[in-house]
2 protein chains.
Amino acid sequence: MQPTQDILSEELKQTARFAKALSHPIRLAILELLNSQACCFHGDMAEILPVAKSTLSQHLKELKNAGLIQGNISSPTIKYCINRENFEQAKQLLSSALK
Amino acid sequence: MQPTQDILSEELKQTARFAKALSHPIRLAILELLNSQACCFHGDMAEILPVAKSTLSQHLKELKNAGLIQGNISSPTIKYCINRENFEQAKQLLSSALK
DNA sequence: ATCTTCAATCGTATTTTTACGAATTGCGAA
DNA sequence: TTCGCAATTCGTAAAAATACGATTGAAGAT
């Protein structure tokens, strides 16, 4: 029994985490919206995307947990933005996985 | 009620499908192995990767369903290879999603 | 202090994913 | 034909993802 052979390296796991965050059409649509600056607010997205607001919140949460976006309070709404640093890392890791 | 607004375009859905295929460390490790030519056979992978053979088969099946790999019979074993065409498409779609 | 509004969280149900060992299949060798 | 090996499929269980409406929470406006 080997001590956690790192065939499953931390890098691989991180790549998988990012991929999982990207694995739902709604989440990709969110990123597209944020990326194009077309929209930054939960409420606006809720009008465009075909899901309930609570479901949208869940997807936003997952993107936040993955580090791909962040929310800044701008009362009474919340402005969501891409987290460029992690976004770049995701891009780099995934493109390296698909080399 | 709008007729399936294509905020969720076919392209987005395809991107999500590829991302889902990449969203598990084992599957990424499989692709890494195939990509590096280090190994092509189910049996060889089963020795390296920390999962049961039946579980490995399931992951291989998902990668096949996503179109990222293909298996060629080479009795008594099966030789797995990257499907370069779809692999390229995945790369292109994901990199475009992360632009 | 109360009301409104926006967003997150809760509670819940359903579906999908992940995992394993057992059983099956397919194919060549004996 | 029978045996053996490789890989898949089956049966099953446990965990995670997805979705919704209802409830809660936080903050500014009245």
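Convention: sequence-line order gives letters A, B, ...; per-chain numbering from 1.
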Does anything in residues 59-72 of chain B reach DNA chain C, meaning a heavy atom under 4.0 Å, and if so which residues?
-> B/His59, B/Glu62
Within this structure, what is the CD-to-P distance between A/Gln58 and D/dA17, rounded to whole angstrom?
-> 11 Å
Picking from C/dT9, D/dT8, D/dA16, which would you name as closest to the side chain of A/Ser57?
-> C/dT9
Along DNA chain C (nearest heavy atom to each residue), the more 5'-positioned of A/Asp44 and A/Lys20 = A/Asp44
Can you name the nearest heavy-atom pair linking B/Lys20 to B/Arg27, along with the distance?
-> O-NH2, 3.2 Å
To the nearest 0.5 Å, tell me how far B/Leu68 CG sits from B/Leu60 CG.
-> 12.0 Å
Is it true that B/Glu10 and B/Arg17 make a salt bridge, defined as a side-chain N closer than 4.0 Å to a carboxylate O?
-> yes
Given atom CD1 of A/Ile78 and atom P of C/dA8, what is their separation to the nearest angstrom?
-> 5 Å
Is the side chain of A/Thr55 donor-acceptor paired with the backbone N or O of A/Val51 at a distance under 3.5 Å, no angle test?
-> no
When you get a sec, tell me which of C/dC6, D/dA7, C/dC20 is the closest nucleotide to the side chain of B/Thr77?
-> D/dA7
Has the side chain of B/Asn83 got a donor or acceptor atom that lies under 3.5 Å from a matching backbone atom of B/Asn86?
-> yes
Looking only at non-hydrogen atoms, find the nearest pair between B/Leu34 and B/Cys81 and report the distance.
-> CD1-C, 4.1 Å
For the pair B/Ser74 (side chain) and B/Thr77 (backbone), establish whether a donor and an acceptor sit closer than 3.5 Å, ignoring hydrogens and angles.
-> no
Taken to the nearest whole Å, CZ/B/Arg27 to C1'/C/dT18 is 9 Å
For atom NZ of A/Lys91, decide whether the heavy atoms of other residues, nucleotides or ligands shown that lie under 6.0 angstrom number more than 12.
-> yes
Could you state the atom-to-atom distance from OH of B/Tyr80 to P of D/dA7 in whole Å?
-> 8 Å
Rounding to a whole Å, what distance do you find between A/His42:NE2 and D/dA27:P?
-> 17 Å
Could you check how far CD1 of B/Ile26 sits from C1' of C/dT17, rounded to whole Å?
-> 14 Å
Whole-Å distance between C/dC20 P and B/Leu49 CG?
-> 12 Å
Where protein sits on nucleotides 21-30 of chain C, one letter per nucleotide: B base, S sugar-phosphate only, - none, heavy atoms under 4.0 Å = BB----SS--
Using atom NZ of A/Lys53 as one end and atom P of C/dT5 as the other, report the distance to the nearest whole Å.
-> 11 Å
Report, as yes or no, whether the 6.0 Å neighbourhood of atom CD on B/Glu11 holds more than 12 heavy atoms from other residues, nucleotides or ligands.
-> no
